[in-house]
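Encoded as structure tokens, the structure appears first; notes follow it.
Order of appearance sets the numbers: ligands from 1, and atoms from 1 within every ligand.
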Amino acid sequence: MTIDTLRKPVRKAVFPVAGLGTRFLPATKAIPKEMLPIIDRPLIQYAVDEAREAGIEQLIFVTGRGKTAIVEHFDYAFELETTMQERQKDLEILEPTRIRPGNLVAVRQQVPMGLGHAIWCARAIVGDEPFAIFLPDELMIGTPGCMKQMIEAYEEVGGNLISVLEVPREEVSSYGVIAPGARRGALTEVLGLVEKPSVEAAPSNLIISGRYILQPQVMRTLESQDKGSGGEIQLTDAMARMIGQQPFHAVTFQGRRFDCGSKVGFVEATITLALARPDMADDVRTMLQRVLAG
Ligand code: G1P
């Protein structure tokens with residue numbers, strides 16, 4: 001395999017969104033958790049905005065039962081747009097939801113068998129190209145965004161990349177963890193990967209934070225894979241098997257990350273983003289002071 005085939009442009013992104021969202025019940029009984037809003041955008045919109053900023057053209061949603069609202073959100077809403085136009089309302093607000101025809105594909109994950117299995121469900125659409133993965137629970141705010149930072153690194157080194165960040169050592173067991181090699185600027189060579197290790201067994205406190213650029217060969221690796229941590233087909237295990245066969249690097253994200261899979265992280269993201277919005281910041285700050293004063 002030549003280096004050039006490991007540097008093809010990244011045009012496609014997979015968004016695994018089939019999860020049941022049990023941590024946010026009952027809110028997520030009838031609404032996908034990815035549609036819960038952080039202020040006035042659903043969580044999934046932040047990941048899609050980040051993807052488009054990075055030059056991603058085709059969005060591949062791996063969905064499941066009860067998740068069609070996500071696809072609807074990025075569809076052309078004929079009745080809504082026509083009515084808004086008749087009432088001379090500004091349609092600009094809908095711009096982030098506009099995906100060019102043919103550039104949104106949904107595939108179904110029929111049984112919840114893990115992240116690796118969800119990604120594998122997209123194999124026919126991904127085809128023989130490198131692709132990005134976004135876990136929308138992880139809200140990444142940076143200038144440029146996380147995926148754009150990763151694409152810049154990819155253009156330099158090619159191969160496979162994951163975004164990483166440091167967490168306190170006692171938290172590593174909730175994540176995929178890297179065994180780091182040589183470091184150069186934001187790039188770290190990845191020598192090993194382990195999913196949800198015990199604190200004692202963790203090779204570092206650098207965790208995989210929900211953004212990936214992978215070569216299509218990972219699909220074949222996933223195909224023949226046994227269940228791993230939690231009895232699920234783990235993406236981390238498939239990636240670990242590719243180390244040594246293809247370049248594998250981690251990019252330390254310059255920016256802020258919010259874990260919107262947790263309730264406190266979700267509230268933190270909401271408050272932080274509200275305080276960063278010129279149209280709301282002053283009012284929100286005053287409101288927060290009032291709330292904290294009891
Ligand atoms: C998944 C990945 C894990 C990664 C994490 C980031 O875990 O398997 O490697 O660190 O996402 O959020 P999950 O949160 O699905 O258990």
Exceeds 12 heavy-atom contacts within 6.0 angstrom, atom NZ of K148
no

Please work out whether any backbone atom (N, CA, C, O) or any side-chain heavy atom from C-beta onward of L135 is under 4.0 Å from ligand 1, and answer side chain, backbone, both or neither.
side chain

Heavy-atom count check: over 12 atoms from other residues, nucleotides or ligands less than 6.0 Å from L25 CG?
yes

Flag the pair R100 and E57 as a salt bridge only when some basic side-chain nitrogen lies within less than 4.0 angstrom of an acidic carboxylate oxygen.
no

Over 60° means perpendicular and under 30° means parallel, so tell me whether F61 and F15 are parallel, tilted or perpendicular.
tilted

Distance under 4.0 Å to a non-hydrogen atom of T236: what atoms of ligand 1 satisfy this?
9 (O)

Evaluate the criterion side-chain contact (heavy atoms from CB on, under 4.5 Å) for residue pair I38 and L43; output intermediate values, then yes/no.
CA-CA 6 Å; I38 306 273; L43 195 48; 4.1 Å; yes

With respect to G176, determine whether any N or O atom, backbone or side chain, lies less than 3.5 Å from an N or O atom of ligand 1.
yes

Identify, by atom number and element, the atoms of ligand 1 in contact range of E138, meaning under 4.0 Å from any of its heavy atoms.
6 (C), 12 (O)

Quick one: nearest non-hydrogen protein atom to atom 4 (C) of ligand 1, plus distance?
I208 O, 3.5 Å

To check your reading of the model: name the closest protein heavy atom to atom 2 (C) of ligand 1, its residue, and the distance in Å.
E195 OE2, 3.6 Å

Need the ligand 1 atom indices (1-based, order shown) with element for anything under 4.0 Å from a heavy-atom of K196.
7 (O), 13 (P), 16 (O)

For the pair Q58 and I125, evaluate side-chain contact (heavy atoms from CB on, under 4.5 Å) and give the outcome as yes or no after the intermediate values.
CA-CA 10 Å; Q58 188 175 58; I125 319 295; 3.9 Å; yes

Closer than 4.0 Å: a protein non-hydrogen atom to atom 9 (O) of ligand 1:
yes

Please check if atom CD1 in I31 has more than 12 non-hydrogen atoms from other residues, nucleotides or ligands closer than 6.0 Å.
no

Close N or O approach (Y212, ligand 1; < 3.5 Å)
no

